[in-house]
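First listed ligand is number 1; within each ligand, the first listed atom is number 1. One is the number of the first residue; the rest follow in order along the sequence. Because the structure is predicted, anything quoted here is derived from the model rather than measured.
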Amino acid sequence: MKPTKRIPVAHPLLNGNEKQYVLDCLDSSWISSAGKYIGLFEEKFARFCSTRHAVSCNNGTSALHIALLALGAGEGDEVIVPTLTFISTANAVRYCGATPVFVDSEPRTMNLDPARIAGAITPRTKGIVAVHLYGHPADMDPICAIARERNLFVLEDAAEAHGALYKGRRTGSLGGAATFSFFGNKIITTGEGGMVTTSDGRLEQQMRLLKGQGMDPDRRYWFPMVGYNYRMTNIEAALGLAQLEQVEHHMAARQTVAGWYREALAPLRDVLTLPLVEPWAHHAFWSYPVVLKPESRIRAGALMAALDGDGIETRPVFIPLHTMPPYYRQGEHHPVAEHLAANGISLPMHGLLTRDDVDYIAGRLACHSALRATANSLR
Ligand SMILES: *Cc1c(COP(=O)(O)O)cnc(C)c1O
């Protein structure tokens with residue numbers, strides 16, 4: 001039987017003041033990178049993250065780039081990044097002329113393993129990028145302790161973790177600076193967009209210079225440095241402000257869906273490992289990655305293809321960056337990340353999912369797993 005509808009893996013929720021604020025931009029003709037929504041969005045986002053400043057950008061990758069530059073990453077430096085992340089985290093390091101040095105994940109939350117950081121530090125190491133992967137905060141205390149001891153910067157890549165908490169503190173406020181993405185599949189979206197949060201006024205000033213072509217704020221059309229055009233538009237900020245007004249609702253919807261998954265997938269405990277939430281964490285559930293247990297002998301690719309036939313869109317867990325052509329080095333291995341990538345599947349996660357959707361997804365997963373188990377026993 002052909003499924004009648006498709007369940008997308010991600011979907012934006014635009015049920016607040018988005019249309020009204022965007023129309024206001026059009027009606028007032030403030031459609032470019034000046035206008036009231038930019039300041040309002042930055043102010044409100046800084047408050048949301050409990051930081052003093054927030055600097056808007058045209059996407060999360062450019063946010064990473066200017067944050068790394070402002071923190072001092074440059075030619076010849078090394079920056080520690082997890083191998084299991086989206087490629088922007090490493091690319092932004094490369095844009096600065098620095099080299100990303102990859103560290104494996106810890107198996108519980110898939111995040112940068114603090115115990116492996118010390119072994120990756122060299123005299124060239126300048127900083128650490130901690131990614132809050134899939135919305136679960138990285139274990140920041142040990143990461144920041146190593147950084148303090150070795151005089152390194154800590155940058156959070158919080159592109160997937162709007163609203164997550166680490167020991168009661170908001171992601172975005174835990175290191176020297178933090179970056180966010182507002183791409184269409186993120187927890188809140190501006191279409192394309194990004195933000196850097198920091199409480200360091202000097203960093204903020206530096207990043208405003210970098211994202212605005214390097215123009216001297218006190219002398220128009222005087223450029224003391226090479227900058228970039230990484231500005232957000234007023235239309236994007238209008239979307240962002242409307243999204244941020246609803247952020248508690250967006251966050252709660254994801255918690256609800258995660259709760260449904262936990263219940264519906266409980267019978268598949270022998271087959272799947274569900275996302276773990278550390279006692280010190282509030283998970284933002286950008287995504288819902290499940291990991292097939294090796295003893296299930298189910299291949300992630302085959303299962304994703306079967307789910308696709310059921311109208312269920314899924315994503316593989318990120319492919320570790322040390323295996324990608326720009327970063328590949330013979331003999332480099334990170335077994336935890338490689339295992340998670342080979343066996344992980346991100347299930348649909350967004351605010352439009354219903355309990356029926358989740359039950360349907362769990363039902364199809366159970367069915368495919370049972371078929372697989374039978375096939376295995378016949379082998
Ligand atoms: C989405 C994402 C980015 C990049 O954000 P863009 O807005 O797409 O440039 C960076 N890091 C991580 C971990 C992401 O998930």
TODO: Below 4.0 angstrom from a heavy atom of Asn59, which ligand 1 atoms are there? Numbered from 1 as shown, please.
DONE: 7 (O), 9 (O)
Task: Side chain, backbone, both or neither: Thr61 near ligand 1, heavy atoms under 4.0 Å - done: both
Open item on the list: Parallel, tilted or perpendicular: which one describes the rings of Phe182 and Phe41, with boundaries at 30° and 60°?
Closed with: tilted
Task: Distance filter under 4.0 Å to Gly60 heavy atoms, resulting ligand 1 atoms - done: 5 (O), 6 (P), 7 (O), 9 (O)
Task: Nitrogen or oxygen of Lys186 less than 3.5 angstrom from that of ligand 1 - done: yes
- [ ] Go through ligand 1 atom by atom and flag the ones less than 4.0 Å from a non-hydrogen atom of Ala159.
- [x] 2 (C), 3 (C), 10 (C), 11 (N), 12 (C), 14 (C), 15 (O)
- [ ] Decide if the gap between the ring center of Phe180 and the ring center of His162 is smaller than 6.0 angstrom.
- [x] yes
- [ ] Record the part of Thr85 in heavy-atom contact with ligand 1 below 4.0 Å; permitted values are side chain, backbone, both and neither.
- [x] side chain
- [ ] Please find out if less than 6.0 Å separates the ring center of His322 from that of Tyr328.
- [x] no
Open item on the list: Between Val103 and Val81, is there a side-chain heavy-atom distance shorter than 4.5 Å?
Closed with: no
- [ ] Among all protein heavy atoms, pick out the one at the shortest distance from atom 15 (O) of ligand 1; state its residue, atom name and that distance to 0.1 Å.
- [x] Glu160 OE2, 2.5 Å
Task: Trp280 ring center near His136 ring center (under 6.0 Å) - done: yes
